[in-house]
Amino acid sequence: MNILPALKSRFRSALAGLLEDRAEIEKSLDLIRRSQDAKFGDYQANVAMPLGKKLGKPPREVAANIIERLDIADLCQTPEIAGPGFINLRVKDEWLVERLTAAVRDDRLGVPQVEKPRTYVVDYSAPNVAKPMHVGHIRSTVIGDALCRTLKFLGHNAIGDNHIGDWGTQFGMILYGYKNFLDREAYRENPVEELARLYKLVRKIVDDEKTQAVVADRESTEAKVLRETAKLHAGDAENRRLWEEFLPACEDEINRVYGRLNVTFDHALGESFYEDRLAAVVEELLKKGLARESDGAICVFFKDEKGEEEKVPMIVRKQDGAFLYATTDLATIRYRMETWSPDAILYVVDHRQGMHFKHLFAAARMLGYENLELEHVSFGTVLSDDGKPFKTRSGETVGLEILLDEAVRRAGEIVAANDDAKSGGPELSPERRAEIAEIVGIGALKYADLSQNRTSDYVFSYDKMLAMNGNTATYMQYAYARVRSIFAKGNTDVEAMRVSGVKISLAHPAERALAMEILRFSEALELAVFDYRPNQLTSYLFELANRYFTFYENCHVLNAETDELRQSRLLLCDLTARTIRKGLELLGIRVVEKM
RNA sequence: GCGCCCGUAGCUCAAUGGAUAGAGCAGCGGAUUUCUAAUCCGCUGGUUGUGGGUUCGAGUCCCGCCGGGCGUACCA
């Protein structure tokens, strides 16, 4: 058992004599946390202050009562009462050593599987296949993938589903463009590029018409686009044939990007998959009296807090009979419930769609999905350094691959410069350098996003993400490579060492601090999953790498005073390397042995 | 207008209602016959936009104000 659960277990027993209500006890246990400052010990229990009020006693007295009942001597040194009633706890070194020894031989590094696995559907990335992926897809893709991996590692049944946009208006744009502006030669050579050009062209025409006075007796391009979409949805043979022709090429394109990003999905059930389930959703809403016709559209209206009807409804069928993403999303919830009956569905989608999800979730509850946790895991916008949404100088959105290429190019420069500067001369071949640059560059891009609190906007900067200092993937990958190089230099048989039964020593404060952090890995994972914030994991890894380097400066490994100490420190190195590697793996970031 | 989100060090950002609000960058000062210095150690830097309230305790919760972003009926 890890530190925090162990502490909670002891406090649970101690509090049982003081409090009747089990729920109250569990609530109190949440107030046991890691100390912010080492001088207050390793962990602190803040339970006595609120309890003091409830029991009508001074908090310090309550704290003393709790300590009296606490059976913790094997785990901690004598608890101390401080300030208004904090209980400070310092874990015994013997206990840490015991846990570390267990972790050394454990593939999971001592991280337990959850006792009650839940089933999660994680809905992330969801690009429109009709247009190339761009900067706006990074966050959803990267955060969703990391959450999915972490949930799985903790023992949950997590299902990653890429709800790709393969059925909406954007296909109407392409169909219209194909029929009116196609460059056959270009299409034959690179269909995806030509379709992307057509999409942008039609999009521009539609947008331009909106700012100009449209000639009244002429149908707008937007209307023509919508008609192509409607024809596709109605089963028009030609549009259907074109759709089937376009789709595979578009999918190959996005899959190539996922390959580079090291992102995977369990399913990729796009909007078109739900095509024949949409009408039934609308019918059910009508039948149950949840939806009604308004201005020719079928709408679900919601009540606000005062019980008054909100002005803006959720439209599930348009005047022209076409369905919208609200309809698709409802059909998708139903399908997911029928197929996987999940406990939760997480939508990793940017914050601007907040109202859509508020409506969607309300509608889902009205349809009877009341025990299903529906979560909009929202995130902010990617900005450039002028504080405005990240665009090219001409105002266009930036293609995702251009970003990847530039990050990799810059990483390549850094890798080459470092290798050239090595005291023994360069040790990496040009091919190896290129492989490392790809891993470092893409890792930097992903980590920069994941290390940010997802709810806020963030400023995109190559310099920041590839910085060699600070909370970056580069720093973490470097720490990993440094640890691994010790094994290479020392000709260490790591596998043999793990089963050798060497006793780990924590005599030096830097050793102990590192050990403590290694054992906190599962805590960090639980925090990351608790409110779906991978930055909890990156913060942990940064702290771990920091403590490793402090250890590295203070505690010589290969030239340790005795062989036992050398073995002990090698084990700490091994645990550090494995924890960094596993942590980065859960973020979808790879490591290299040399850089 | 209404709704949602945000405002923390010069800059970029952390901080499940807990002790003296933390990092990185930038600035200043140290450490290298190196286990890869892409490192480490120290210093400087704050009325957490603002005014109230709740609480033993507020950056965090509630209300007002100021400033910013986003959304607001047939795109997603």
Between the main-chain N or O of A:Ala223 and the side-chain N or O of A:Ser220, is there a donor-acceptor pair closer than 3.5 Å?
-> yes
Which nucleotide sits closest to the side chain of [X]: [options]?
X        : options             : result
A:Tyr475 : B:C35, B:C40, B:A73 : B:C40
A:Ala481 : B:U36, B:A73, B:A76 : B:U36
A:Glu553 : B:C35, B:C70, B:C40 : B:C40
A:Arg533 : B:A73, B:U16, B:A38 : B:U16
A:Phe549 : B:C40, B:U36, B:A14 : B:C40
A:Leu324 : B:C75, B:C35, B:A38 : B:C75
A:Thr550 : B:G18, B:C41, B:A38 : B:C41

Describe the nucleic acid contact of [X] in one word from base, sugar-phosphate, nothing, applying a heavy-atom distance below 4.0 Å.
X        : result
A:Pro50  : base
A:Val557 : base
A:Glu427 : nothing
A:Met314 : nothing
A:Asp531 : nothing
A:Thr169 : sugar-phosphate
A:Arg352 : sugar-phosphate

When you compare [N] with [M], how far apart are their [atom1] atoms, in angstrom units rounded to a whole number?
N     : M     : atom1 : value
B:G68 : B:G29 : P     : 40 Å
B:G22 : B:C43 : P     : 13 Å
B:A58 : B:G17 : C1'   : 7 Å
B:A23 : B:G69 : P     : 33 Å
B:U54 : B:U47 : P     : 25 Å
B:G53 : B:G67 : C1'   : 23 Å

When you compare the protein's N or O atoms with those of nucleotides 19-28 of chain B, which come within less than 3.5 Å of each other, and at what distance?
residue : atom : partner  : partner atom : Å
B:A19   : N7   : A:Gln44  : OE1          : 3.1
B:A19   : N6   : A:Gln44  : OE1          : 3.1
B:A19   : N6   : A:Asn88  : OD1          : 2.4
B:A19   : N6   : A:Asn88  : ND2          : 3.4
B:A19   : N1   : A:Asn88  : ND2          : 3.4
B:U20   : N3   : A:Lys39  : NZ           : 3.3
B:U20   : O4   : A:Lys39  : NZ           : 2.6
B:C25   : OP1  : A:Asn469 : ND2          : 2.6

Checking only heavy atoms, does the side chain of A:Ser294 share a donor-acceptor pair with the base of B:A73 at less than 3.5 Å?
-> yes
Starting from the 5' end of RNA chain B, give me the residue, A:Phe301 or A:Ser539, whose nearest nucleotide shows up first.
-> A:Ser539
Which comes earlier along RNA chain B counting from the 5' end, the contact point of A:Arg34 or that of A:Lys311, where each point is its nearest nucleotide?
->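 Comparing both residues, the 5'-ward one is A:Arg34.
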[X] [atom1] to [N] [atom2]: how many Å, rounded?
X        : N     : atom1 : atom2 : answer
A:Phe323 : B:A76 : CZ    : P     : 12 Å
A:Arg547 : B:C41 : CZ    : C1'   : 16 Å
A:Ile414 : B:A38 : CD1   : C1'   : 9 Å
A:Leu527 : B:A14 : CG    : P     : 16 Å
A:Ile298 : B:A73 : CD1   : C1'   : 13 Å
A:Tyr274 : B:A76 : OH    : P     : 16 Å
A:Arg227 : B:C75 : CZ    : P     : 15 Å
A:Tyr552 : B:A38 : OH    : P     : 11 Å

Can you list, by residue number, the residues of residues 451-460 of chain A that have a non-hydrogen atom closer than 4.0 angstrom to RNA chain B?
->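 Contacts with RNA chain B under 4.0 Å: A:Gln452, A:Asn453, A:Ser456, A:Asp457, A:Tyr458, A:Val459.
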Examine the side chains of [X] and [Y] and answer whether a donor and an acceptor come within less than 3.5 Å of each other.
X        : Y        : value
A:Asn471 : A:Ser451 : no
A:Tyr347 : A:Gln353 : no
A:Arg482 : A:Tyr552 : yes
A:Asn453 : A:Thr455 : yes

Any [X] side-chain N or O less than 4.0 Å from OP1/OP2 of [N]:
X        : N     : result
A:His351 : B:C70 : no
A:Asn128 : B:C75 : no
A:Arg482 : B:A38 : no

Crowding at CD, A:Glu543 (>12 non-hydrogen neighbours, <6.0 Å) |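 Result for CD/A:Glu543: enclosed.
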Do the ring planes of [X] and [Y] sit parallel (below 30°), tilted (30 to 60°) or perpendicular (above 60°)?
X        : Y        : value
A:His134 : A:His137 : tilted
A:Phe357 : A:His376 : tilted
A:Phe390 : A:Phe460 : tilted

Can you give the donor-acceptor pairs under 3.5 Å from side chains of residues 165-175 of chain A to other protein atoms, not counting sequence neighbours?
residue  : atom : partner  : partner atom : Å
A:Asp166 : OD1  : A:Glu271 : N            : 3.1
A:Asp166 : OD1  : A:Ser272 : N            : 2.7
A:Asp166 : OD1  : A:Ser272 : OG           : 3.4
A:Asp166 : OD2  : A:Ser272 : OG           : 2.8
A:Trp167 : NE1  : A:His233 : NE2          : 3.3
A:Gln170 : OE1  : A:Gly168 : N            : 3.4

Sort by first number and list every stem of RNA chain B: at least 3 consecutive Watson-Crick or G-U wobble pairs, both distances under 3.5 Å.
-> B:1-7 with B:66-72, B:10-13 with B:22-25, B:27-31 with B:39-43, B:49-53 with B:61-65
Taking the six-membered ring of A:Tyr540, is the NZ or CZ of A:Arg520 close enough (under 6.0 Å from the centre) and on axis enough (within 45°)?
->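 Because its charged atom misses either the 6.0 Å distance or the 45° angle limit, A:Arg520 does not stack over A:Tyr540.
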Here the gap from A:Lys57 atom NZ to A:Leu51 atom CG, rounded to the nearest 0.5 Å, amounts to 9.5 Å
What's the spacing between A:Gln452 CD and A:Leu450 CG if we round to 0.5 Å?
->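 Here the interatomic distance stands at 10.0 Å.
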A:Glu310: partners by salt bridge (Lys or Arg N to Asp or Glu O under 4.0 Å), with sequence neighbours left out |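 Expected list: A:Lys358.
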Using a 3.5 Å cut-off and no angle test, enumerate the donor-acceptor pairs between side-chain atoms of residues 553-563 of chain A and protein atoms at least two apart in sequence or in another chain.
residue  : atom : partner  : partner atom : Å
A:Asn554 : ND2  : A:Thr550 : O            : 2.7
A:His556 : ND1  : A:Asn559 : N            : 3.3
A:Thr562 : OG1  : A:Leu565 : N            : 3.0

